[in-house]
Amino acid sequence: MKHNTKNYDYLIVGAGPYGSIFAHEAAKRGKRSLIIEKRPHVGGNMYTHKENGINVHDFGAHIFHTDNKMVWDYVNQFTEFNGYINQVVANYNGELYNLPFNMNTFYQMWGVKTPDEAAAKIAEQKEAAGISGAPQNLEEQAISLIGTDIYTKLIKGYTEKQWGRKATELPAFIIRRLPVRYIFDNNYFNHRYQGVPVDGYTAIFDKMLDSELIDVQTNVDFMADKDTYLEEFPKVVYTGMIDAFFDYKFGELEYRSVRFKSETFDSDNKQGNAVINYTDAETPFTRVMEWRHFDQKADEGKTILTKEYPQDWDRTKEAYYPVNDEKNSTLFKQYKEEAGKQDKIIFGGRLGNYQYYDMDQVFGAALKAVEKEFKDN
Ligand code: UDP
């Protein structure tokens, strides 16, 4: 045995939330897991590190938000949350607007002061744009929800640089992630439970994986020795890219990537908000995070800001966002069918399922897989 040296019950590929929850739950049931992780750290894109007393989210802002009480209770056993509520500001060529789209935004855009006035303005713009019937793409969906002015200033530029394609070529569901509200409420999410862990996200994983029945190996590439791994382990949980698993045999699924550039300043407060989105087409980054504003208890005198730049994805870059358009969805179906035939392998997570999951959805999916796997004990 080259890899399964301890009679492991599971090989788990990827130490992100899906794989880590699975290993934790398996250990609770007396099952032994080996987790192999390509990167040098656990936690996947939820990974955070502490610098100048500030928790920096290395792979972009992660705010846990959910309506699922079971998931919320589950994650709270590993950490305390700080009650942070995300309130994003948009900067469009120097004009500032509140997000998500709500009465504050409508007032700032048009000077309207009541929900009726805002609704009339949106209806007028939707009609002028000739939109009726079910929206066929992100542009039509956006205009039909909040009108042309907001679409032009707060959505089009941001969306097209974020996704590297025209808003008319993107699925409508992406913009429905953002709430539209006819009340003065800047909460970016509609969910009942929300926050950021007081000790950062990495501490959650350290706790989750702290078991004699779990071994973690970082900097290990499953694909480099896939056949041996599959031969040696009775069961595998795979959270990497589903097309990579099958050696891209039906073709390559597309992803969007991002890169981050951080800077530290001698200040307690540089930009005045945790997240500012730059919604024009020309600014090369989409948003700037000031991490101390997520934490509410950082040391004084230093602040760290990170700019997020969207970029094309290729196999040398991290795959952040699946591109769930028609072409890729059709291709994914082929892989999914193939995955269904592998009875000793469970495919999970954002990359294994090629879904634009939020953290709570990954938690929910992992707990479901656990329930199915251990239904008898
Ligand atoms: N979006 C936008 N303007 C913004 C923020 C978001 O047009 O200022 C659109 C954009 O298409 C983005 C989508 O809304 O991809 C979803 O935004 P969200 O903040 O949920 O994206 P994530 O945080 O997952 O990157």
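In listed order, ligands and their atoms are each counted from 1. Every heavy atom of this structure was used, including side-chain atoms; hydrogens, water molecules and symmetry mates were not.
In summary, of the residues considered (T264, D266, D268, N52), a side chain to side chain donor-acceptor pair (under 3.5 Å) with K302 occurs for D266 alone.
Atom CD of Q77 is surrounded by more than 12 heavy atoms from other residues, nucleotides or ligands within 6.0 Å.
Residues with a heavy atom under 4.0 Å from ligand 1: L99, L154, I155, Y158, T159, Q162, W163, I174, I175, R177, L178, Y188, N277, T279, R287, Y321, Y356.
Seen from the ring of Y309, R259 counts as a face-on cation partner, given the 6.0 Å and 45° thresholds.
A salt bridge links K28 with E25: at least one charged nitrogen is closer than 4.0 Å to a carboxylate oxygen.
A distance-only check finds no donor-acceptor pair linking the side chain of T105 to the backbone of L99 [under 3.5 Å].
Remark: T330 OG1 to Y335 OH distance equals 13.0 Å, nearest 0.5 Å.
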